[in-house]
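If you read the sequence from its start, that first residue is 1, and numbering goes on from there. Below, each value reflects all heavy atoms present in this structure, side chains not excepted, and no hydrogens, waters or symmetry copies. Predicted model only: the values in this text are computed from it and were never measured. Indexing begins at 1, ligand by ligand and atom by atom, following the structure's order.
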Amino acid sequence: MLDVILRFQMRSLCAVSIACLFSVTCAAKSPHPDKSHHTKDGFKNIYAYEEPGFFDFLRWRWNRLWKKTPSPEDYGFPLAKNDPPFLRFNREKITLTWIGHATVLLQLDGKNILTDPHFSKRASPLQWIGPKRLIAPGLALNDVPPIDIVIVSHDHYDSLDKETVVKLYERQGGQDTTFFVPVGFKDSFKRLGISQVVELDWWDQYDGKDLKIIAVPVHHWSKRHLFAQNKTLWAGWVIQSLDFRFFFCGDSGYTPLFKEIGQKLGPFDLSAIPIGAYEPRWFMRYYHLSPEEAVQVHLDIGSKKSVAIHWGTFILTDEPLDEPPQRLEKARKEKGLPEHEFLVLKHGETIMLD
Ligand code: ZN
């Protein structure tokens, strides 16, 4: 029983941010009538699905208490060997390295781009409690080449790790790294001492010298503190060079938005699409893609090649941690897609694009 209580306490913390979401509903009038996702004091999804409420959340947590759910000891994922000196000096080839969870190093047009950087031990406000990293980052922070661009999808603790953000910024003496964030983050980044921040709303575009960066709508939510529900926006990101298009999904439930993104900005040469944190489905389907939906997103956006992210790193939900790649493989085969079109990488694995 003590074990159950302890487990409950540990898991309660990682669940607290999710719980808080369901305790308030937002029906404020938008000060931006032309932007239907803006509310008086925050943001909302475009598709108003009947999402779970607070009691559904309690139901999920209660069920979870009594059934065998994944534990860190059940897994031993292998780290891939990579080549940090090559990555440090490479300014020619397009590469992607999956560092873990939603953290990806993309090298494009001579720029080093990092998505949702997370190198800490836990996806939690506290480093002694909350979802623990099961495998070291596939590339140690010290081996990560100097970063030009950081992309942040939303404010949840598994996506935005402020400790990592500050380390990245300070590592380069506060120089040369630009942080791209959805609307609502600028002030909190300023408080971290970071001013090189570009804040974009959905469909806004930043025209850089070499790259275009566009924030796109996805179906998710935000919460970092007890009383800060949906105060900051959530987004997927498109990065375009003259002849290459990359899509970073962030976190999302499945909606027709992906077809719209594909029509407006696709097709994509490469995409990073989440495949994990989807059970129980009756609860998570509004916020996270299943592997089958991830394959559908790959098709909707017209992705030539996709890599699986947001799995195998932190235990956030109920499915076994090694299940997402198995279901992805089955779904991929059912759609007649070859393996190289939707890759499951090892932590730390680098792929090169032609
Ligand atoms: Zn999230």
Side-chain angles (χ1 to χ4, degrees), residues 11 13-24 26 37 42-47 49 51-52 56-57 60-61 99-104 114-118 120 122-125 130-133 150-162 164-165 180-185 188 202 215-226 228-237 247-255 257-258 272-281 283-291 293-294 297 308-319 321 324:
R11 287 171 177 177
L13 186 86
C14 37
V16 73
S17 62
I18 300 175
C20 298
L21 167 72
F22 303 105
S23 59
V24 190
C26 219
H37 61 289
F43 305 92
K44 64 180 182 178
N45 283 307
I46 290 172
Y47 291 93
Y49 297 130
E51 296 177 10
D56 293 311
F57 167 78
W60 169 44
R61 301 310 300 179
I99 293 173
H101 203 56
T103 309
V104 162
L114 208 53
T115 64
D116 281 354
H118 199 308
S120 296
R122 290 181 190 268
S124 166
K132 196 176 166 189
R133 180 181 288 280
V150 171
I151 297 289
V152 174
S153 67
H154 65 299
D155 74 357
H156 291 158
Y157 284 96
D158 59 320
S159 290
L160 173 59
D161 180 51
K162 288 190 175 170
T164 299
V165 164
F180 285 81
V181 295
V183 181
F185 284 84
S188 63
W202 290 344
V216 293
V218 289
H219 192 95
H220 203 57
W221 53 286
S222 69
K223 177 172 266 316
R224 201 152 171 102
H225 305 295
L226 200 61
Q229 179 192 308
N230 294 347
K231 301 286 188 209
T232 59
L233 189 60
W234 47 96
W237 292 88
F247 174 61
F248 174 67
C249 183
D251 278 13
S252 184
Y254 182 75
T255 70
L257 284 168
F258 291 110
I273 302 176
I275 66 164
Y278 50 78
E279 290 287 355
R281 213 60 208 121
F283 189 86
M284 290 296 164
R285 61 192 289 251
Y286 301 97
Y287 311 112
H288 294 145
L289 300 172
S290 68
E293 288 169 335
V297 169
I309 58 166
H310 202 270
W311 76 278
T313 312
F314 300 106
I315 294 175
L316 302 171
T317 49
D318 292 1
E319 78 274 8
L321 222 64

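Closest to the Zn ion (ligand 1) among the N, O or S atoms of H156 is ND1. D251 has its closest N, O or S atom to the Zn ion (ligand 1) at the position named OD2.
The residue from Y47, W202, W234 that alone fulfils the ring-ring contact (aromatic ring centres under 6.0 Å, His included) condition with H37 is W202.
A donor-acceptor pair under 3.5 Å is absent between the side-chain atoms of T313 and the main chain of G100, judged by distance alone. D116 contributes no side-chain N or O that, together with a main-chain N or O of T103, makes up a donor-acceptor pair within less than 3.5 Å.
One of the N, O or S atoms belonging to H154 lies under 2.8 Å away from the Zn ion (ligand 1).
The cationic atom of R122 (NZ for Lys, CZ for Arg) does not lie both less than 6.0 Å from the six-membered ring centre of F314 and within 45° of the ring axis.
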